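Small disclaimer: the values here were computed from a predicted structure and weren't measured. For reference, positions follow the sequence shown, starting with 1. Each ligand, and each atom within it, is numbered from 1 in the order the structure gives.
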Amino acid sequence: MSKLLVEKSGPLVGRIRIKGAKNSVLKLMAASILADDPCTIESVPELLDVEVMIQLLEALGLKVDYNREAEMIKVIPAETLTCEAPYEIIQKMRASFLVMGPLLAKKKIAKVSMPGGCDIGARPIDLHLKGFQALGAEVTLGHGYIEAKTETGLVGAEIYLDFPSVGATENIMMAATMAKGQTVIQNAAKEPEIVDLANFLNEMGANVRGAGTDTIRVNGVDKLNGARHQTIPDRIIAATYMVAAALTKGDITIENVVSSHVKPVTAKLKEVGAIIEDGDDFIRVRGVDALKAVDLTTLPYPGFPTDAQAQFMVLLAVSEGTSVITETVFENRFRHVAEINRMGANIKIEGHSAVIQGVKGLQGTQVKATDLRAGAALVLAGLVAEGVTEVDEIYHIDRGYPQIERDLMALGAKITRVDK
Ligand code: UD1
């Protein structure tokens with residue numbers, strides 16, 4: 001298993017170009033199942049999760065041509081589309097459950113293993129299933145599989161989500177594209193990745209309106225065509241490198257970012273004391289000597305993203321004063337606290353909050369990535385910790401950052417990947 005050795009690195013300085021968003025591209029790939037013709041997806045980042053989604057689409061009978069150099073994927077429809085998504089693939093990645101909506105829409109039946117993925121809480125799928133049921137599917141669970149089917153085809157319905165779940169909004173939106181009549185999803189998630197998926201579906205001939213607001217209307221169509229689509233930039237990777245600039249007292253210009261997508265992060269970085277300049281598609285972050293404590297609460301978009309919580313915690317761990325981070329999106333997303341504390345931080349968990357007493361500095365030691373973003377946070381911590389930080393279980397990081405060390409090294413970080 002590989003690990004990263006991160007040395008204390010001094011200020012990170014330079015420019016970095018952000019690649020396509022993992023959390024968008026996986027859904028775009030799943031949506032390709034709906035098309036009757038080939039779909040081309042551009043700006044596909046080279047990630048483990050993308051490889052898993054390719055395996056899954058191939059297991060369903062689709063053909064996938066992945067040109068890694070051109071960062072492009074072509075998905076060719078299956079001659080015979082299989083409606084069963086196997087455990088071996090689904091358990092590797094939670095987002096693979098997103099094939100259920102498209103399969104149900106296209107085949108009228110889908111059988112998908114219960115999902116796995118990052119261990120950050122219970123992460124149920126009840127909202128996805130309630131949505132499918134509202135559209136007229138009969139849902140049964142057994143032997144670790146979920147089956148949804150409809151004899152006569154899905155029918156549009158009004159669906160209110162108890163929580164604006166990203167995955168449920170996407171799965172229901174895809175299922176509804178070919179349902180009879182209109183589907184209205186209320187209290188829908190508003191994340192930029194939802195808008196990207198809706199745009200792709202519309203390019204395929206779907207009729208989706210209101211994505212990016214809390215009410216999405218989908219008017220069903222008979223069939224969907226192929227389309228060509230460029231994935232939006234990854235706002236969480238951008239946020240990670242923005243934090244890296246502030247943390248190392250560096251000066252990083254992030255290119256190919258939609259600055260409105262990272263507004264909550266920009267706002268908190270300013271509160272901490274970092275100096276920010278931004279345009280529509282770039283952000284420059286400069287660190288300052290003394291960073292200030294701030295409180296923050298993670299929320300669905302446009303609130304502060306839970307996926308940037310761990311990285312920001314590292315920053316607050318070395319800021320002056322006491323900060324409180326409250327996590328409201330996932331119930332068990334503080335597993336990185338024990339690891340950051342092993343590096344000398346002073347963080348206590350109180351219910352859904354982490355109370356962070358800023359310390360003067362961190363020390364390198366052996367730590368392990370407990371999930372994807374936690375792993376990135378530990379790499380950031382290593383950049384400012386005395387000595388060497390050994391980050392283990394970095395397969396988590398590789399799921400969502402295309403070679404994090406290459407990006408950071410280009411900015412002056414000292415990182416070595418060791419294949420054990
Ligand atoms: C997606 C992102 C993930 C991000 C999260 C929140 C992908 C591949 N992953 O995950 O990186 O952290 O959005 O921004 O896009 N919930 C239910 N019932 C459901 C579904 C969700 O109770 O049926 C709960 C979850 O347990 C969690 C909360 O809703 O507490 C948010 O989950 P959700 O928005 O669905 O996140 P994901 O789509 O899994």
Exercise. Is there a side chain to side chain contact (heavy atoms under 4.5 Å, CB included) between Met173 and Thr177 once you walk through the steps?
Worked result: CA-CA 6 Å; Met173 194 162 85; Thr177 50; 5.8 Å; no
For this session: Check ligand 1 against Gly167 and write out every atom of the ligand that is under 4.0 Å from a heavy-atom position of the residue.
Result: 35 (O), 38 (O)
For this session: Specify side chain, backbone, both or neither for Glu193, according to which of its non-hydrogen atoms lie closer than 4.0 Å to ligand 1.
Result: neither
Problem set entry | ligand 1 to Val166 polar contact by distance, N or O atoms, under 3.5 Å | yes
For this session: Would you mind finding which of Ala95, Ser165, Pro124 brings a heavy atom closest to atom 19 (C) of ligand 1?
Result: Pro124
Problem set entry | Polar side chain donor-acceptor pair, Ser323 to Asp295, under 3.5 angstrom | no
Problem set entry | Contacting atoms of ligand 1, where contact means under 4.0 angstrom from a heavy atom of Lys27 | 7 (C), 8 (C), 15 (O)
Exercise. Does Gln309 approach ligand 1 within less than 4.0 angstrom via side chain, backbone, both or neither, non-hydrogen atoms only?
Worked result: neither
Exercise. Got a sec, which residues hit side-chain contact (heavy atoms from CB on, under 4.5 Å) with Ala31, two or more places apart in sequence or on another chain?
Worked result: Met174, Leu197, Phe200, Leu201
Seminar exercise, completed: Taking only non-hydrogen atoms of Arg333 and a 4.0 Å limit, the atoms of ligand 1 in range are 12 (O)
Exercise. Is any side-chain heavy atom of Pro305 less than 4.5 Å from a side-chain heavy atom of Pro264?
Worked result: yes
Exercise. Can you find an N or O of Asp307 that's nearer than 3.5 Å to an N or O of ligand 1?
Worked result: yes
For this session: Would you give the length of the straight line joining atom CG of Leu104 to atom CD of Glu147, rounded to the nearest 0.5 angstrom?
Result: 10.5 Å
For this session: Check each heavy atom of Arg94 against ligand 1 and say whether those closer than 4.0 Å belong to the side chain, the backbone, both or neither.
Result: side chain
For this session: Compute whether any side-chain donor of one residue and acceptor of the other, for Gln186 and Thr215, lie under 3.5 angstrom apart.
Result: no
Exercise. Do you see a donor-acceptor pair shorter than 3.5 Å between the side chains of Thr298 and Gln309?
Worked result: no
Exercise. Hey, is ligand 1 close enough to Leu26 that some N/O pair sits below 3.5 Å?
Worked result: no
Exercise. Quick one: which of Leu127, Asp162, Thr306 has a heavy atom closest to atom 23 (O) of ligand 1?
Worked result: Leu127
Problem set entry | Test of proximity, Arg373 against ligand 1: N or O pairs below 3.5 Å | no
Exercise. Hey, would you say the Tyr87 and Tyr145 ring centroids sit under 6.0 Å apart?
Worked result: no
Exercise. Can you list the ligand 1 atoms lying under 4.0 Å from a non-hydrogen atom of Ile125?
Worked result: 19 (C), 23 (O)
Exercise. Would you say ligand 1 has an N or O under 3.5 Å from any N or O of Phe330?
Worked result: no
For this session: Pull out every atom of ligand 1 sitting under 4.0 Å from any heavy atom of Phe163, numbered as shown with elements.
Result: 28 (C), 29 (O), 31 (C)
For this session: Tell me yes or no: between the side chains of Asp371 and His336, is some donor less than 3.5 Å from an acceptor?
Result: no
For this session: Would you check if there is a donor-acceptor pair between the side chains of Thr306 and Arg333 at a distance under 3.5 Å?
Result: yes
Problem set entry | Option set Asn23, Leu161, Val329, criterion heavy-atom distance to atom 7 (C) of ligand 1, minimum | Asn23
